[in-house]
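Everything on this sheet refers to the single structure shown next.
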Protein chains: 2
Amino acid sequence: MSAASLTIGEAARRTGVSAKMIRWYEATGLLPPAARSEAGYRHYGEADLHTLRFIRRARDLGFSVNAIADLLALWRDRARPSAGVKAIAQEQIANLRRRIAEMEGMARTLEHLAEACCGDARPDCPILDDLAAGDHPPAPQRRARGMTGRGAG
Amino acid sequence: MSAASLTIGEAARRTGVSAKMIRWYEATGLLPPAARSEAGYRHYGEADLHTLRFIRRARDLGFSVNAIADLLALWRDRARPSAGVKAIAQEQIANLRRRIAEMEGMARTLEHLAEACCGDARPDCPILDDLAAGDHPPAPQRRARGMTGRGAG
DNA sequence: CTTGACCTTCCCATCATGGGAAGCCCCATC
DNA sequence: GATGGGGCTTCCCATGATGGGAAGGTCAAG
């Protein structure tokens with residue numbers, strides 16, 4: 001089907017991992033150094049594409065690059081115990097559940113506040129009142145926030 | 001109750017915003033330059049503490065610093081229409097809901113896979129089988145992932 | 001006057017990703 | 001054979017919010 005050896009751009013197109021990221025994965029050791037042509041161009045074979053798709057899928061499931069390194073090692077070890085893989089997956093599930101719960105709490109609070117805010121031309125605003133209230137608990141947990149993405153003006 | 005003028009460390013303790021972050025908020029323009037002593041030490045009054053607690057609360061609700069800049073401007077404008085505040089809040093709610101849905105999808109997939117994986121000493125592993133399968137859809141959305149936090153060894 | 005806690009600025013790291021510049025390479029077309 | 005365009009190389013920079021740490025000045029208590 002596919003050519004025996006593809007350039008990085010072709011490999012990127014076929015796996016959904018950008019050329020930039022393929023180079024970065026190599027530079028950080030997640031991938032072994034790619035084969036090079038005489039001119040220095042990287043070349044990828046079927047096995048490399050398979051690995052890249054593996055990485056892509058793992059990223060889509062939210063695994064960190066460190067976790068993927070572990071998963072790749074287990075994948076390559078045909079004698080691995082599945083317990084190791086399951087442990088990594090469950091750790092990731094726990095991470096996701098924790099972050100989801102955190103954001104769910106934020107969302108619910110904001111929904112209550114937004115519901116109480118008439119949102120018209122008048123200045124009275126329960127949302128600002130809440131933000132300005134000095135009686136909020138310290139909330140010592142690690143935050144995973146951000147991304148409203150509005151201009152500061 | 002409180003002193004009229006506090007050092008950055010005191011202000012940090014009383015507001016839950018670290019001294020590092022207070023300096024950073026000032027450097028990036030979220031906060032106006034603080035008053036300084038002759039020796040160059042920053043000093044904060046009651047109004048500053050109020051603003052810092054406002055920022056802290058907004059961060060705890062997941063607002064980005066850009067969004068907080070907007071919220072602070074509205075907060076200071078006593079004639080603002082509450083509609084503007086509500087719009088920012090609803091944008092943030094939408095962001096949170098989108099990210100929650102994304103992570104919920106990842107978590108559910110992983111839960112199904114983990115359920116199918118016996119997790120013992122045998123090498124058979126549906127989780128690795130899924131990752132290695134070449135038939136996953138491209139998934140073109142922006143990813144909000146990471147954080148398994150394992151060593152790469 | 002010493003000591004220790006605190007302040008200042010500056011640089012670096014995170015985590016994964018993209019943008020862009022400068023320069024080389026390859027192929028097709030004229 | 002020259003030329004042009006697109007792809008490849010490496011290197012630097014930015015993101016977003018946060019912390020760590022170094023080098024050096026300051027303040028207050030002893």
Side-chain angles (χ1 to χ4, degrees), chain A residues 5-13 16-31 33-44 52 55-56 58-69 92 95 99 102 139-152, chain B residues 3 5-13 16-31 33-44 52 55-56 58-69 92 95 99 139-152:
Chain A
S5 199
L6 305 171
T7 64
I8 197 171
E10 273 301 314
R13 252 165 265 131
V17 181
S18 74
K20 275 279 216 226
M21 291 314 298
I22 297 175
R23 289 192 198 99
W24 186 75
Y25 291 150
E26 179 182 329
T28 55
L30 181 63
L31 290 174
R36 301 275 188 146
S37 72
E38 286 187 9
Y41 282 25
R42 289 174 181 81
H43 283 277
Y44 298 90
L52 285 170
I55 292 174
R56 174 66 149 81
R59 296 296 294 124
D60 287 343
L61 290 174
F63 287 102
S64 73
V65 175
N66 272 349
I68 296 176
Q92 172 63 6
N95 284 332
R99 290 199 280 158
E102 213 177 301
Q141 5 75 7
R142 272 306 122 245
R143 300 93 187 241
R145 49 258 280 254
M147 298 214 176
T148 295
R150 319 180 93 255
Chain B
S5 198
L6 305 171
T7 64
I8 197 171
E10 271 302 312
R13 252 166 263 132
V17 181
S18 73
K20 275 276 213 230
M21 290 315 298
I22 297 176
R23 290 193 198 98
W24 186 74
Y25 291 150
E26 179 182 329
T28 55
L30 181 63
L31 291 173
R36 301 274 188 147
S37 73
E38 286 187 9
Y41 283 24
R42 290 174 180 82
H43 283 278
Y44 298 89
L52 285 171
I55 292 173
R56 173 67 148 81
R59 295 299 291 126
D60 286 343
L61 290 174
F63 286 103
S64 73
V65 175
N66 273 350
I68 296 177
Q92 172 63 6
N95 283 333
R99 291 199 279 157
Q141 5 74 8
R142 275 302 122 249
R143 300 107 193 222
R145 49 255 282 252
M147 304 222 168
T148 296
R150 320 182 91 255

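Everything quoted here is computed from the prediction, not taken from an experiment.
A:Ile68 places its CD1 atom 13 Å from the P atom of C:dC15, with the value rounded to the nearest Å. Atom NZ in A:Lys20 sits roughly 14 Å away from atom P in D:dA14 (whole-Å rounding). Residue A:Asn66 contributes atom CG, which lies 10 Å from atom P of C:dT14 at whole-angstrom precision. One interatomic measurement links the two molecules: CG of A:Leu30 to C1' of C:dA16, which rounds to 12 Å at whole-angstrom precision. In this structure, B:Glu26 atom CD and C:dT8 atom C1' are separated by 12 Å, rounded to whole Å. Rounded to whole Å, atom P of C:dC26 lies 14 Å from atom CZ of A:Arg36. Distance A:Arg56 CZ to C:dA16 P: 15 Å, rounded to the nearest Å. Between the C1' atom of C:dC7 and the CD1 atom of B:Ile8 lies a distance of 9 Å, rounded to the nearest Å.
At the phosphate of D:dC8, neither OP1 nor OP2 sits under 4.0 Å from any side-chain N or O atom of A:Arg42. Contact annotation: B:Arg59 does not reach the phosphate of D:dG16 (side-chain N/O to OP1 or OP2, under 4.0 Å). The phosphate of D:dG7 has neither OP1 nor OP2 within less than 4.0 Å of any side-chain N or O from A:Thr7. An OP1 or OP2 oxygen of D:dA17 is reached within less than 4.0 angstrom by no side-chain nitrogen or oxygen of B:Tyr25. Contact check, A:Ser18 against C:dG18: a side-chain N or O comes under 4.0 Å of OP1 or OP2.
Across all their heavy atoms, B:Ser18 and B:Ala12 have their closest contact at C-CB, 4.0 Å. Smallest separation of non-hydrogen atoms from B:Gln92 and B:Leu61: NE2-O, 3.3 Å. Shortest non-hydrogen contact noted between B:Arg23 and B:Ile8 is CG-CD1, 3.5 Å. Of all heavy-atom pairs spanning B:Ala11 and B:Leu52, the tightest one is CB-CD1, 4.3 Å.
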Distances under 3.5 Å between nitrogen or oxygen atoms of protein and nucleotides 24-29 of chain D:
unit_1 : atom_1 : unit_2  : atom_2 : d
D:dG25 : N2     : B:Tyr41 : OH     : 2.7
D:dT26 : O4'    : B:Tyr41 : OH     : 3.1
D:dT26 : O2     : B:Tyr41 : OH     : 3.4

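Between A:Tyr25 and A:Ile68, every side-chain heavy-atom pair lies at or beyond the 4.5 Å cut-off. Looking only at side-chain heavy atoms (C-beta outward), A:Trp24 and A:Val65 come within less than 4.5 Å of each other.
Nearest to the side chain of B:Trp24, among C:dG18, C:dT8, D:dA17, sits D:dA17.
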Practice prompt. For side chain to side chain contact (heavy atoms under 4.5 Å, CB included), just list the numbers for B:His43 and B:Thr7, CA-CA rounded to whole Å, side-chain angles, deciding distance to a tenth of an Å, and then say yes or no.
Written response: CA-CA 5 Å; B:His43 283 278; B:Thr7 64; 4.0 Å; yes
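Contact annotation for B:Arg23: base contact, defined as any heavy-atom pair under 4.0 Å involving a base atom.
Counting only distance, with no hydrogens or angles, the side chain of B:Arg42 and the backbone of B:Ala34 share no donor-acceptor pair below 3.5 Å.
Ion pairing between a basic and an acidic side chain is recognised when a charged N comes within 4.0 Å of a carboxylate O; A:Arg13 and A:Glu10 show such pairing.
To the nearest 0.5 Å, atoms CG (A:Leu31) and CE (A:Met21) are separated by 10.0 Å.
Taking the screw axis at each terminus of the helix from C:dC1-D:dG30 to C:dC30-D:dG1 from five consecutive base pairs, the angle between the two is 30° to within rounding of 10 degrees.
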